[in-house]
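Basis for what follows: all heavy atoms, side chains included, without hydrogens, waters or symmetry-related copies. In the text below, chain A, chain B and the rest are named by the order of the sequence lines, each starting its count at 1.
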Amino acid sequence: MVRFTVHRLVRAIITLVMVSLLTFVLLQLAPGNFADLSAITSGATMTAQGQRDEVMSSFTARYGDQVPAWQQYLIFMKGAVTWDMGPSYKYPSLTVEGIIAGAFPVSATIAVLAVALALLVAVPIGVLAARRRNGWLDNLLMFLVTIGNSVPNYLMGAFLLIILVGRLNLLPSGGWDGPLNMVMPVIALAIGPMAVLARYVRSAVIETLREEYVTTAIAKGGPGRTIMVRHVLRNSLIPVVTVVGPIVASLMAGTVFIETMFRIPGLGQYFTGAATSRDMPLLMGTTLFFAALLVITNVVVDVSYGILDPRTRMERRPA
Amino acid sequence: MSAERERLLEVRDLQVRFKMGKKQTELVAVNNISYDLHAGEALAIVGESGSGKSVGVRALLGLTAENGKVTNGTALYKGEQNLLTMSQGRLNRLRGKDIAMVFQDAMQSLNPTLTLETQLIEHQIWHRLCDHTTARKRAIEMLGKMGIPKPEQRIHAYPFELSGGLRQRAMIAMAMVTNPVLLIADEPTTAVDVTLQRQILDLLADIKAEGTAMIMITHDLGVARDLCDRVEVMNNGEIVESTDMTNFLSNAQHPYSQKLLAATVEVGDVVDEPDNGDVKASGEDGPSDEAPVQSGSVQSGSVQNGSGEGGSTAPEPADVVLKAVSVSKTFHPKSGVVHAVRDVSLDLHRGETIGLVGESGSGKSTLARIFLDLIPVTDGVVEFGGKDLVQMKPAERQDLRHDMQAVFQNATGSLLPHYTVLDNVIEPLNIHHVGDPASRKARAKELLTKVGVDPKRGHQYPRQFSGGQQQRIATARALALDPEILVCDEPTSALDVSVQAQILDLFADLRSELGLTCLFISHNLAVIEKVSDRVAVMRHGWIVELAPTKELFNNPQHPYTRQLLNAVLPVRRDPQQFDNAVPEPTEDENSELVEIAPGHLVRQSIGAATEVPAA
């Protein structure tokens, strides 16, 4: 078990280093830098000029004057390891770690709620469709799933805004003050994963229903619902868990459209904003954070595999 | 004879239809079958694959697959309740409680993610037989009764944590824990080794002795004979003969029953030929010319008659085609070390067939793979034509592949599905650049004719052929290069008895005609006896006994060989006394093969007395 953990840890570190290198190199290769781009977008006015100077001075303070790119990389990585990544270019008054620490809980809350909602709906739909496979109900559900899969979440968000706010005026249209603010973004974000997961659950359940141990359970006289939950669902969820992990991680990194649409202070805006404005520290910081999230969720998936499937628990040996 | 006993089950005109494929073609899997079962009686339903024997019985418990439907008939349980029409709720109250079922493979029919505890208790609770604590106690008791040691600990195990034998017992314990009136067993021993099969059947015999009625679905007449009082023979969805077991064995009336009996290959056939005659003589219009096995005829050719004790079994050294000296193979999977083959020395003489028997995991197939140069040895030397396989150059290795061909168990899997049959047979000729396209095609057609496949069907694909025909095609492909050595790894194990008999005949003909040298692997002792000149018995990677076939079967010396032979369930005579205890392993690093008679080697501990134990 110790060897397994060490092995995973080493692999995680290698992954993160690779991701950071790739991001940094791509950023260097991309046309333009922060200073030029911000000059263009703000029309090189006096204030912009002043802002630029301010940024450049803080940059010099941290990275020194005229340092080669590879040194910048090393300095940033040192900061990343010590959770001290310095100020963002675009938001000079904020540090990168401060931005992440402030925005991540918001994105994470929405992500977890959205995936929970998606699972809550997808599992029953998948099971129902599997039990009635190739019947009209299955066809209908799978048709809806296909639609759900093809509607982009910002379109869904727009629909929700028009109906729930524009017509019915039930909910606040945006902001981040209380639970009511979460309803629309969570629903909008959940639709896509819901469709993907429903499909997965359906095919996993169909496969499990063909297993001889399910026939055995029926031959033992089990009530349908108990058999479905105890014998079918548990074994079907093992492959589904693998898909849920990355979905959660990607939602946690924030979603630009939804955050913009509902004026939510999540990670997504910073993430994309950093890329378009060539904000090196913020982009590197958020990318690495996302990579670390993925690595962690994969570990969580592996652990939950062990809980769901005793065969993968390493410490147990056949007797 | 059973009028005094309660009639447990009356099946009348049961019909099950399936809708197959995209066109929803109707297929009548079970066609109006009728039979009775009385309390405490054991009924065998025998037939070959596709005969509908399993479908017909599963239909009684509402276990018909979703594309199937019961379209006719009644099945009265205890004279009043019709199993086929009762509500799901009422059926649920019967199945698992009154009527329990065990399936072929415990690995697949036990839920892999639940402990035995859950799986042995849940249906006791469903049927409201007792509370949880009592259910648990009964589960532990039943596991113990089924011969599982330390049941109070094993009940916490997951199925994968048990050995195959214990798993099979746990599955039967699960069925029996509710104390059912009727136990339905669907090929309960087909997936297990011969010694375990015997143990499981002894267990079922005990259950039967305690008064549980039984329906046993099997293709193995030996298994049916061992346990059952009556027999229903099914063919193409219909019951063609219904009689009691003794009558069936001595006086089967229907040609299909006779064919099944005649096709059964069993230990001792080669010695006692008249036995077989009795059965055949009974049917005047018996399938004399298409009968797959004319007993004994196969042996007339290349096999020595066993009279000369080793006379022809020790040919000149020059005749050794393939030679293994102290070969070992060790695998290193994640969970430790597996010694698959240990210190095996074996000479294959030109024109002889060596049979390799042993249970699954004994190292038979690994040894075959070593001989085929598919995996390298860990230790020791394999020589082909006097050359060490390890030191062969690529070109020589190519020649080796040319001279050595293999036929495997799974014919479907070993033929290229997207190649036509003809292309499959031609492929080795292409690889080895033999002849030109026209001559290759001619050769392939000739081979197909030789193995009994119509060359006109050469343009069809493997899936369009039956299992037996696919094995013929695989054999034709193996013969394409005119190999010196043919390695056959369980080539008939997946086939029905009548097809198996035909394939064995084919091998016998090919051997005498082509002078092939053969390594023939099987877990079926009867098959081995029929085809082999010499037999090597393997266990835990060691050869424990090596002897001329007749010598081995008449005078087995190693305790394990004896246990194997005793475990066999013959159709035409009574089975041997069988001792459950696994014989003490005599094979370890401190043992060696000792020649106790010319050509008869037995593994004994070094330093142990070399005298021959009493037979």
Within the supplied structure, the quantity of interest is the number of heavy atoms (other residues, nucleotides, ligands) at a distance under 6.0 Å from A:Phe159 CZ; does it exceed 12? no

Is B:Arg93 in contact with chain A via its backbone, its side chain, both, or neither, using a 4.5 Å heavy-atom distance? neither

Is it true that atom CD of A:Glu207 has more than 12 heavy atoms of other residues, nucleotides or ligands lying nearer than 6.0 Å? no

Is B:Glu66 paired with A:Arg132 through a side-chain N to carboxylate O contact shorter than 4.0 Å? no

Would you list the atom pairs, donor with acceptor, under 3.5 Å between side chains in residues 119-129 of chain A and any protein atom, with sequence neighbours excluded?
none

So do the side chains of B:Phe160 and A:Pro310 get within less than 4.5 Å of each other, counting heavy atoms only? yes

Which bit of A:Leu209 is near chain B, if near means a heavy-atom gap under 4.5 Å: side chain, backbone, both or neither? neither

Atom NZ of B:Lys145: over 12 foreign heavy atoms under 6.0 Å: no

Which of residues 216-226 of chain A get closer than 4.5 angstrom to chain B, counting heavy atoms alone? A:Thr216, A:Ala217, A:Ile218, A:Ala219, A:Lys220, A:Gly221, A:Gly222, A:Pro223, A:Thr226

Non-hydrogen contacts under 4.5 angstrom with chain A: give the residues of residues 109-117 of chain B involved, or none if there are none. B:Ser109, B:Leu110, B:Asn111, B:Pro112, B:Thr113, B:Leu114

Between B:Met174 and chain A, which part of the residue has a heavy atom less than 4.5 Å away: side chain, backbone, both or neither? side chain

Closest contact, heavy atoms only, A:Arg230 versus B:Glu122: NH1-OE1, 2.7 Å

Given that the side chain runs from C-beta out, which part of B:Ile99 has a heavy atom under 4.5 Å from chain A: side chain, backbone, both or neither? backbone

For A:His231 and B:Gln119, test the side chains for any donor-to-acceptor distance below 3.5 angstrom and give the result as yes or no. no

Please list all pairs meeting side chain to side chain donor-acceptor pair (under 3.5 Å) that have one or both residues in residues 191-203 of chain A, counting only residues at least two apart or in different chains. A:Asp138-A:Arg202, A:Thr146-A:Arg199

What distance do A:Asp309 atom CG and B:Tyr158 atom OH have between them, rounded to the nearest 0.5 Å? 9.0 Å

